[in-house]
Every structure is written in structure tokens, then in C-alpha cells.
Amino acid sequence: MEAPGAYRCIECNGKATELYRDYQRGVLRISICKFCQKPVDKYIEYDPVIILINAILCKAQAYRHILFNTKINIQGKLCIFCLLCEAYLRWLQLQDSSQSPDPDDLIRYAKEWDFYRMFGIASLEQTAFLVGIFTALWLARPRVLKTKADFILLLKALLLSSYGKLLLIPAVIWEHDYTHLCLKLIKVFVLTSNSQAIRVTLNTSRKLCLLAIVSGLILENGIICLFQRIGWNV
């Protein structure tokens, strides 16, 4: 078992020492929360697909299960893959706006450089968004990010909750008249997931979560305006 208080009740967010008790011979009993008298984590019996569906629906219980009661550490790889998806989308849009029939090597290298540039821009925008969120939370409620562990957990939650960016690729591949609308809806979904991740991780109010998300968006858009002034297509 983990250290005392390592787990959380998915219903009330109370600390728990264990998720279940093993009585040998395959007999398991889910632990009951001492605060709300409900099962600490009912999701340990659920199929991963059900958990994913509940996470897509932004249920706080599913988020608590994933963040506190599992050992998922794919946030780094997921972040890189999401940035690649975003860079590919921008690169594709850039190529559509500047078609060139010339197969010269110089043209190919220029297009490849454009992809790397888009990846760098997407990375800087993501960094600005995260910095905006952390700055707003630290200024509004300094006590919510008291330790390095709090910072790391919130960063993990924000990166994992950005999984919606993976939908960018299907939205572009199956292009239709509503692709632009789909991209906007994906953006809204990702921001909603980010807000829920902040609320669950820090156990704070929706107003503070909204403030943090807006601050992140302001800083991110500030970076975009800076790139546009430089003359870069973003």
C-alpha cells in the first residue's frame, strides 16, 4: 500500500489510507470513506472505457480517480503528442495557403522547417498558457500551491486534461464545411477539461478556476500577437 493519506475519496476528496482490503483467495472489499461513508473509489471495479467516458463528461469523481488513485505517468508523452498534432494542423493550413508546384529540394526543406517552427510556436503558446494559470492561482490564492508536490500535481492534471487536442487530427483528416466549428468546439472542450482538472486538484471554487483559465488565455494570446507582429504566420 501507499503512504498514509496517499489516496483520495472520489466523492468528498477526503484522504484515505487504502482503496480496498484483500481478504485473500480473491476476496476484495472496497474501503469506505470515514468522512462521507461512501466507497473510497468505485472506479477500481470499472472498465477503463467507462472511466474514460466519465472523464470525457468531466465528472469530478473520474478525475479524482485518475489523478489521485492511479499511477498514470503519460503526461509528458501526451503533451508532446498533442503539440505535434497542433503543429501538424497549423503546418497543413500553412501549406494550403501557399501551394507551390515546384519540387525543388529547397522548397521541401523550407516546408520541413515550417513544421518545426509551428511545433516551437505551439510549445511556447502552451507554456504561456500554463504560466498564466500558475501565476493567477499564486496571486489569488498563494496557499493552494504551497509545495513543489502541489505544483507538480497541478501540472500533471493540466497536461492530462489536454487530451482533447488529439481530436484535432481526425477533425482535419475528415475535412468538411464545419471543420472550423469543430476546431472551436475542441478548444472549448479542452479548456473545460483544464478547468475541471484545476478544481479537482486544488479543491477550489469554479470562479477561481475560470479566473486561472482566462489568465492563461490572455497570456497565450499575448504570445500570438507578439509572433504576428514579428511577421510569423501562426
Side-chain angles (χ1 to χ4, degrees), residues 1-76 78-79 130 133-134 136-164 166 188-216:
M1 279 293 172
E2 299 283 338
Y7 300 112
R8 297 287 182 89
C9 172
I10 64 170
E11 301 294 341
C12 69
N13 202 43
K15 293 184 177 180
T17 56
E18 58 184 7
L19 299 178
Y20 60 88
R21 184 158 295 178
D22 189 351
Y23 291 98
Q24 305 299 326
R25 297 182 181 179
V27 178
L28 301 176
R29 183 175 180 273
I30 297 179
S31 299
I32 301 299
C33 176
K34 62 183 179 181
F35 300 105
C36 65
Q37 303 304 314
K38 294 181 180 179
V40 171
D41 191 346
K42 62 184 180 182
Y43 285 116
I44 60 176
E45 293 185 315
Y46 284 29
D47 188 271
V49 175
I50 303 298
I51 299 173
L52 177 61
I53 291 173
N54 282 299
I56 291 173
L57 294 174
C58 289
K59 290 192 175 182
Q61 294 90 337
Y63 275 68
R64 291 192 185 106
H65 167 78
I66 293 170
L67 294 173
F68 297 116
N69 300 338
T70 62
K71 295 181 179 179
I72 295 178
N73 288 305
I74 62 169
Q75 61 273 11
L78 180 62
C79 177
L130 294 174
I133 288 176
F134 281 105
L137 290 172
W138 185 77
L139 291 175
R141 299 276 180 83
R143 67 177 183 274
V144 299
L145 293 173
K146 294 181 293 185
T147 65
K148 182 180 178 181
D150 294 332
F151 176 87
I152 293 174
L153 180 61
L154 180 56
L155 180 61
K156 174 184 177 180
L158 287 169
L159 294 179
L160 287 175
S161 62
S162 297
Y163 67 92
L166 298 177
V188 171
F189 173 70
V190 171
L191 293 176
T192 303
S193 299
N194 291 155
S195 177
Q196 184 70 310
I198 297 172
R199 179 168 170 261
V200 167
T201 305
L202 302 180
N203 196 27
T204 188
S205 66
R206 286 188 173 89
K207 288 183 179 180
L208 182 59
C209 297
L210 180 60
L211 173 65
I213 294 296
V214 170
S215 299

Next item on the list: Please round to the nearest 0.5 Å and tell me the distance separating atom CZ of Arg141 and atom CG of Leu208.
Entry: 5.5 Å
Notebook entry, point to check: Counting only N and O atoms by type, is there a donor-acceptor contact under 3.5 Å from the side chain of Ser161 to the main-chain atoms of Leu158?
Noted result: yes
Notebook entry, point to check: For the side chain of Lys34 and the backbone of Gly14, is there at least one donor-acceptor N/O pair under 3.5 Å apart?
Noted result: no
Check: Any side-chain heavy-atom pair from Leu210 and Ser195 closer than 4.5 angstrom?
Finding: no
Next item on the list: Would you give the length of the straight line joining atom NZ of Lys156 to atom CD1 of Ile66, rounded to the nearest 0.5 angstrom?
Entry: 10.0 Å
Note to self: When you compare the side chain of Val200 with that of Asn13, does any pair of heavy atoms fall below 4.5 Å?
What the structure shows: no
Next item on the list: Determine the minimum heavy-atom distance between Ser162 and Val190, stating which atoms define it.
Entry: CA-CG1, 4.1 Å
Notebook entry, point to check: When rounded to the nearest 0.5 angstrom, what distance separates SG in Cys9 from CZ in Arg64?
Noted result: 7.5 Å
Side-chain atoms of residues 41-52: list all donor-acceptor pairs with protein atoms under 3.5 Å, sequence neighbours left out, distances to 0.1 Å.
from	atom 1	to	atom 2	distance (Å)
Asp41	OD1	Tyr43	N	3.0
Asp41	OD1	His65	ND1	3.2
Asp41	OD2	His65	ND1	2.6
Asp41	OD2	Asn69	ND2	2.9
Asp47	OD1	Val49	N	2.9

Check: Can you tell me how far the CG atom of Leu57 sits from the CD1 atom of Ile53, to the nearest 0.5 Å?
Finding: 7.5 Å
Notebook entry, point to check: Have Arg199 and Gln196 got a donor and an acceptor in their side chains that come within less than 3.5 Å?
Noted result: yes
Item checked: Chi angles and distances behind the side chain to side chain contact (heavy atoms under 4.5 Å, CB included) call for Thr192, Ile213 -> CA-CA 9 Å; Thr192 303; Ile213 294 296; over 6 Å; no
Next item on the list: Compare every heavy atom of Phe68 with every heavy atom of Tyr7, then report the nearest pair and how far apart it is.
Entry: CD2-O, 4.1 Å
Note to self: Could you tell me if the side chain of Leu67 sits less than 4.5 Å from the side chain of Ile72, heavy atoms only?
What the structure shows: no
Margin query: What verdict does the side chain to side chain contact (heavy atoms under 4.5 Å, CB included) test give for Leu159 and Leu78, after you've listed the backbone C-alpha separation in whole Å, the side-chain angles of each residue and the deciding distance to 0.1 Å?
Written below: CA-CA 7 Å; Leu159 294 179; Leu78 180 62; over 6 Å; no
Margin query: Just to verify, what does Phe151 make a ring-ring contact (aromatic ring centres under 6.0 Å, His included) with, not counting sequence neighbours?
Written below: Phe134
Next item on the list: Compare all side-chain heavy atoms of Val144 with those of Leu154 and state whether any distance is below 4.5 angstrom.
Entry: no
Notebook entry, point to check: When rounded to the nearest 0.5 angstrom, what distance separates CG in Leu211 from CD1 in Ile133?
Noted result: 10.5 Å
Note to self: Closer than 3.5 angstrom, by distance alone: can the side chain of Ser193 be matched with the main-chain N or O of Phe189 as a donor-acceptor pair?
What the structure shows: yes
Item checked: Contact summary for Leu145 and Leu202, nearest pair of heavy atoms -> CD2-CD2, 4.3 Å
Next item on the list: Give the minimum heavy-atom separation between Cys33 and Val40, together with the two atoms involved.
Entry: N-CG2, 3.7 Å
Margin query: Would you compute the distance between atom CZ of Phe35 and atom NZ of Lys15 and round it to the nearest 0.5 angstrom?
Written below: 9.0 Å
Notebook entry, point to check: What heavy-atom pair brings Ala197 and Thr201 nearest, and what distance separates the two atoms?
Noted result: O-OG1, 2.6 Å
